[in-house]
Amino acid sequence: MTAAAHGAMTPAPAIPAPAAPRLRAVPPLAAPAPETTALWWARLLRRGPGPTEYSLVAVNSDRFPDGTPVDMTAVDARGRRPAGWQVDVRHRAADGRVVRIEVAEELAERCPPMWFAEVTHASSAVPAVSLLAFRGTAFRRGAVVRPHEVAAAGVRVTDRIAEVRWWIRSGLVDTVTVEPVYRGRGVARTLVTAAEGLRFLRGWAPLRSDGRLTDAGAGWLETAPPAWRPRLAERSEVLPDADVEEELTGVARLLR
């Protein structure tokens with residue numbers, strides 16, 4: 001007869017308690033970096049086998065106060081740029097000639113590869129400069145050339161896909177033009193950012209607007225990078241979205 005026949009219960013085997021999980025203390029997730037309008041400038045030395053070159057890099061961060069020029073040539077950058085960089089103006093040490101301009105990928109978005117031409121308007125009553133953007137393989141991406149080099153390459157100035165023109169003493173943008181087929185692809189933002197880097201290298205006034213905007217210009221203003229917003233006046237006058245310059249009046253024919 002079994003023990004069960006006498007009503008005896010066989011005790012169940014003890015189940016060991018689960019081991020306490022081994023947790024590791026870690027710091028909390030970092031909060032997103034606060035949006036800042038500060039834009040400071042880093043000067044980097046670009047070492048290489050060729051002629052000595054420097055980079056003037058605009059950086060959008062709170063590491064230094066807005067507008068601060070910072071000499072970082074004592075540090076070997078090894079091709080790197082400070083976090084938050086916006087535009088890199090590469091120039092030669094010997095004569096200051098701009099070799100190329102690069103804009104951060106997050107600003108360029110879907111912008112096609114472009115090269116640039118710097119044009120001085122000698123006939124203007126007020127000193128003015130234009131930076132023209134071109135597509136094609138006449139020059140490598142980001143290259144900055146002069147008008148006679150554009151002509152020598154068999155390219156017409158009218159072949160440009162975008163242009164920003166501004167007055168160098170005040171920094172006031174006279175016009176930003178983008179060919180219709182290239183609008184909405186980050187071309188204007190890339191071009192104006194490149195122009196801002198060029199003007200700082202030249203020692204000219206910061207680019208700004210005066211509130212007279214087309215609908216396209218107002219749309220760009222709403223999505224402008226944080227560093228631009230303090231210098232872009234709120235819309236105060238509506239300009240027509242025209243494609244014929246003669247139809248426009250006023251100082252700032254922005255983004256037609």
Side-chain angles (χ1 to χ4, degrees), residues 37 39 58 60 85-89 98 100-119 121 128-136 141-145 150 157-168 170-200 204-245 247-248 250-256:
T37 60
L39 193 71
N60 178 212
W85 77 279
Q86 308 282 287
V87 59
D88 181 341
V89 182
V98 176
R100 68 176 180 272
I101 299 177
E102 296 180 58
V103 175
E105 185 175 351
E106 60 267 23
L107 294 181
E109 296 178 348
R110 296 178 293 113
C111 183
M114 303 187 303
W115 52 271
F116 308 100
E118 182 182 1
V119 179
H121 299 285
V129 168
S130 283
L131 188 64
L132 313 181
F134 296 83
R135 290 205 65 183
R141 180 175 187 169
V144 181
V145 300
V150 175
V157 171
T158 53
D159 292 335
R160 60 100 175 95
I161 67 170
E163 174 184 354
V164 55
R165 172 175 168 149
W166 72 98
W167 298 345
I168 64 175
S170 66
L172 185 64
V173 173
D174 178 49
T175 182
V176 179
T177 305
V178 179
E179 293 300 312
V181 69
Y182 292 105
R183 294 175 187 172
R185 300 178 60 182
V187 172
R189 179 160 52 181
T190 300
L191 180 61
V192 173
T193 302
E196 174 66 7
L198 183 65
R199 76 89 200 157
F200 189 88
W204 299 331
L207 299 185
R208 62 183 181 87
S209 72
D210 66 354
R212 285 180 278 182
L213 304 171
T214 65
D215 287 339
W220 182 79
L221 176 60
E222 292 178 357
T223 59
W228 279 101
R229 292 174 193 160
R231 289 186 278 128
L232 298 176
E234 293 295 331
R235 192 178 196 180
S236 60
E237 182 180 335
V238 178
L239 295 180
D241 281 309
D243 291 316
V244 181
E245 183 172 345
E247 296 178 2
L248 299 179
V251 175
R253 303 181 300 275
L254 190 60
L255 276 178
R256 44 181 188 88

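Predicted model, so just to flag it, every value in this text is computed and none were measured. Just so you know, these numbers use all the heavy atoms, side chains as well, and skip hydrogens, waters and symmetry mates.
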Shortest non-hydrogen contact from [X] to [Y]?
X: Ala117; Y: Phe134; value: CB-CE1, 3.8 Å
X: Val150; Y: Trp115; value: CG2-CZ3, 4.0 Å
X: Gly184; Y: Arg110; value: O-NH2, 2.5 Å
X: Met114; Y: Val187; value: SD-CG1, 3.9 Å
X: Ala205; Y: Gly171; value: CB-N, 3.7 Å
X: His121; Y: Ser130; value: NE2-OG, 2.7 Å

Exercise for review: Give me the one residue out of Leu207, Leu107, Val103 that meets side chain to side chain contact (heavy atoms under 4.5 Å, CB included) with Val192.
Suggested key: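 For Val192, the side chain to side chain contact (heavy atoms under 4.5 Å, CB included) test succeeds with only one of Leu207, Leu107, Val103, which is Leu207.
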**Study point:** Test item: Arg183 side-chain N/O and Ala188 main-chain N/O as donor-acceptor pair under 3.5 Å
**Key:**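 No; zero donor-acceptor contacts below 3.5 Å.
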Between [atom1] of [X] and [atom2] of [Y], what distance do you get to the nearest 0.5 Å?
X: Arg160; Y: Phe116; atom1: CZ; atom2: CZ; value: 14.0 Å
X: Asn60; Y: Glu106; atom1: CG; atom2: CD; value: 9.5 Å
X: Arg199; Y: Leu131; atom1: CZ; atom2: CG; value: 13.5 Å
X: Thr158; Y: Leu132; atom1: OG1; atom2: CG; value: 10.5 Å
X: Ile101; Y: Glu196; atom1: CD1; atom2: CD; value: 11.0 Å
X: Thr177; Y: Glu163; atom1: OG1; atom2: CD; value: 5.5 Å

Point to revise | Contacts of Phe200 that satisfy ring-ring contact (aromatic ring centres under 6.0 Å, His included) - sequence neighbours left out | key: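 Listed in chain order: Trp41.
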Point to revise | Arg100: partners by side chain to side chain donor-acceptor pair (under 3.5 Å), with sequence neighbours left out | key: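 If we apply the side chain to side chain donor-acceptor pair (under 3.5 Å) test to Arg100, skipping adjacent residues, the hits are Glu102.
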